[in-house]
> 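Okay, handing you the structure first.
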Amino acid sequence: MEAYELIIYRGMLKDRIFSTLARVIDHYDEMDREEAGKQIFSGISGLIETAQSRGFQGNLWHIYITFLLTNDENSYSRFCEKKGEMEGSMASLLEHDMEIIQYYMQFDWSVIEEYVGISFVPLFEQFVPAQGRGITFNSVLRDRIDRLAVKLSKEEPDVMCREISRFYGEYGVGKFGLHKAFRIQHEGNGAKIIPIVNSSSVVLDDIVGYDIQKQKLIENTEAFVEGRKANNVLLFGESGTGKSTSIKAILNQYYKDGLRMIEIYKHQFQDLNSVIAQIKDRNYKFIIYMDDLSFEESELEYKYLKAVIEGGLEIKPDNVLIYATSNRRHLVKETWEDQRRIGEDIHHNDSKQEKLSLFARFGLAIYYGSPAKKEFLNIVHTLAEREGIDMPEEELEQQAIRWELTHGGFSGRAAEQVITHLKGTMLDTNSKKL
């Protein structure tokens, strides 16, 4: 049997690393020894690059094949993602493919070592990434894939089918199964959804204060991931108060429940329909995240956004919500010229209501105000304690007040900045003493 006989997992043939090493396994005895060696080391280099960037550990050939299986979006894997194992002809086709995959996973590379006269198996058989484990990949999934690879490499095809089906049901498949955050890239007439491999790990407890605001966000998001009715959300208020951080923390809190987030910018609103079309039938809950949302009077993208949120011919899918942040409640900027026109434009009220209507499209609006002096100092003390900064209370507060005077006033961001500054200067002072 050879790799070209794959049916369900035919997409694996497009992968350079797998196809290169599978070709060597299939035809090494027909190849020039030097050429076979070049192909092998080219493939091993790719295995190591992938393992190091994602923190995989163990037999890299087994892990890489498993990684491809977990990423392969096909008719079977997408079905399992939503409904569990598939029966009938598809189950038979899956077992056919697993027989082929078993052959490649369990292949004895020592035969090729002897043929080319070079020892290479130790390079990938017991791989341990630098710095212990990688930091750019979801650690829970990374460890699950490592364990799944060990199991698949030892089992018969029927057991392999059950194991991979169970994985799809538990974690999903492809980029949406293996990542939590995404950005979009315009291509042709649509948009390509690109995974963000190294996303923020912030949690809600990292944000000091704003308990009422965080609770409102939690309640809405929990309703969403549990399949109940939920609102689009606008977090608005002063700069540096934790609006964006709250949304990133919500993703980390509910990722395990199937929540995913796609970040989109104002100039990309033309691609919203394309993005929604790609995610509406997936077994995940998607938040489309818009940071620092606002429009100048001359910008008309807000009309397009209104139509997408509510009012277009196609109803927004139940698995999609929009969460946005803004420094102002009136998302479309109003000017003194608008006020001057009140007496001149008989339809001025209609124009004003149109601008305000975008705000109304967000069923839940949460205000993040700047903290008062006492609240600001409480944030500073809390962060200082977390970071192990040992400084007299009065001195710490003096440092914080001096800092906020030149860094935009009282805010969580200013508090975090002064703590970062103190940590850096204290470490520098200690190193000089040494």
Side-chain angles (χ1 to χ4, degrees), residues 2-3 6 9 11-28 31-73 100-155 160 163-164 167 171 173-175 177-180 194-199 201:
E2 293 190 18
L6 288 168
Y9 291 101
M12 291 174 63
L13 300 178
K14 298 177 182 179
D15 182 80
R16 181 189 65 81
I17 298 171
F18 175 76
S19 60
T20 296
L21 293 176
R23 192 182 311 115
V24 173
I25 289 175
D26 294 336
H27 303 290
Y28 72 91
M31 300 171 66
D32 174 80
R33 284 178 168 79
E34 183 177 350
E35 178 59 27
K38 288 181 180 178
Q39 295 294 316
I40 289 168
F41 283 98
S42 173
I44 291 175
S45 175
L47 293 179
I48 292 173
E49 284 293 323
T50 302
Q52 181 57 46
S53 67
R54 299 178 183 273
F56 293 137
Q57 180 170 297
N59 186 308
L60 297 190
W61 178 234
H62 297 165
I63 291 172
Y64 193 76
I65 292 177
T66 304
F67 178 61
L68 293 181
L69 291 174
T70 59
N71 266 286
D72 199 291
E73 296 190 25
I100 297 172
I101 290 167
Q102 179 199 45
Y103 168 72
Y104 287 103
M105 289 190 85
Q106 297 182 357
F107 182 80
D108 183 2
W109 283 97
S110 65
V111 177
I112 300 182
E113 273 190 329
E114 184 177 347
Y115 179 78
V116 298
I118 304 172
S119 175
F120 57 81
V121 172
L123 297 176
F124 66 80
E125 197 169 48
Q126 291 297 329
F127 181 80
V128 178
Q131 299 179 348
R133 307 305 302 266
I135 60 173
T136 60
F137 190 62
N138 182 295
S139 61
V140 174
L141 276 170
R142 174 201 65 197
D143 295 343
R144 180 71 171 85
I145 290 172
D146 282 353
R147 294 194 301 272
L148 181 61
V150 172
K151 196 167 186 64
L152 293 181
S153 68
K154 298 177 180 178
E155 298 292 352
M160 295 172 71
E163 290 296 326
I164 196 64
F167 181 93
Y171 291 98
V173 60
K175 60 188 177 186
L178 303 184
H179 301 87
K180 59 184 177 182
I194 308 294
I196 298 174
V197 177
N198 193 13
S199 56
S201 59

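Nothing fancy with the numbering, it's 1 onward along the sequence. If you're wondering where the values come from, they're calculated on a predicted model, not measured in any experiment.
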> Minimum heavy-atom separation for Val24 to Gln39, with atom names?
CG2-CB, 3.6 Å
> Kindly determine whether Tyr103 and Ile100 satisfy side chain to side chain contact (heavy atoms under 4.5 Å, CB included), including the steps that lead there.
CA-CA 5 Å; Tyr103 168 72; Ile100 297 172; 5.6 Å; no
> Please tell me if the side chains of Ile65 and Phe18 come closer than 4.5 Å, counting only heavy atoms from C-beta onward.
yes
> What distance separates Asn59 CG from Asp146 CG, expressed to the nearest 0.5 Å?
11.0 Å
> Would you give the length of the straight line joining atom CG of Leu68 to atom CG of Asp15, rounded to the nearest 0.5 angstrom?
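If I round to the nearest 0.5 Å, the distance is 4.5 Å.
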> I need the minimum non-hydrogen distance between Val173 and Asn71, along with the two atoms involved.
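Scanning both residues, the minimum pair turns out to be CG2-C, 4.2 Å.
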> Is a side-chain donor or acceptor of Glu113 paired with a backbone partner of Val121 at a separation under 3.5 angstrom?
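Yes; at least one donor-acceptor contact below 3.5 Å.
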> Before giving the answer on side chain to side chain contact (heavy atoms under 4.5 Å, CB included), spell out for Tyr28 and Val116 the whole-Å C-alpha distance, their side-chain angles and the decisive distance to 0.1 Å.
CA-CA 9 Å; Tyr28 72 91; Val116 298; over 6 Å; no
> Which distance, rounded to the nearest 0.5 Å, do you find between the OG1 of Thr50 and the CD1 of Ile63?
11.0 Å
> Identify whether NZ of Lys or CZ of Arg in Arg142 sits under 6.0 Å from the centre of the six-membered ring of Phe56 and within 45° of that ring's axis.
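No, cation not above the ring by the 6.0 Å, 45° rule.
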> Give a yes or no answer on whether the side chain of Gln106 reaches the backbone of Ser153 with a donor-acceptor pair at less than 3.5 Å.
yes
> Is there a donor-acceptor pair under 3.5 Å between the side chain of His27 and the backbone N or O of Arg23?
no
> More than 12 heavy atoms of other residues, nucleotides or ligands under 6.0 Å from NZ of Lys154: yes or no?
no
> Check the pair Leu69, Leu148 against side chain to side chain contact (heavy atoms under 4.5 Å, CB included), reporting the backbone distance first and the verdict last.
CA-CA 11 Å; Leu69 291 174; Leu148 181 61; over 6 Å; no
> What's the spacing between Leu152 CG and Phe167 CZ if we round to 0.5 Å?
10.0 Å
> Tell me if a side-chain donor or acceptor on His62 pairs with a main-chain N or O of Met105 at a distance below 3.5 Å.
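Judged by distance alone, yes, a pair lies under 3.5 Å.
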> Decide yes or no on side chain to side chain contact (heavy atoms under 4.5 Å, CB included) for Arg54 and Phe67, but give the supporting numbers first.
CA-CA 10 Å; Arg54 299 178 183 273; Phe67 178 61; 3.5 Å; yes
> Can any side-chain N or O of Trp61 pair as donor or acceptor with the backbone N or O of Tyr104 at less than 3.5 Å?
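Pair found, side chain donor or acceptor close to backbone of Tyr104.
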> What is the minimum heavy-atom distance between Lys175 and Glu73, and which atoms define it?
N-OE2, 3.6 Å
> Mind checking the CD1-CE spacing from Ile101 to Met12? Nearest 0.5 Å is all I need.
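That separation rounds to 5.0 Å.
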> Judged by atom type as modelled, is there a donor-acceptor pair below 3.5 Å linking the side chain of Gln57 to the main-chain atoms of Pro129?
no
> Rounded to the nearest 0.5 Å, how far does OH of Tyr64 lie from CD1 of Ile17?
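OH of Tyr64 is found 3.5 Å from CD1 of Ile17.
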> Please name all residues satisfying side-chain hydrogen bond (donor to acceptor under 3.5 Å, both in side chains) with Ser42, sequence neighbours left out, ordered by chain then number.
Arg16
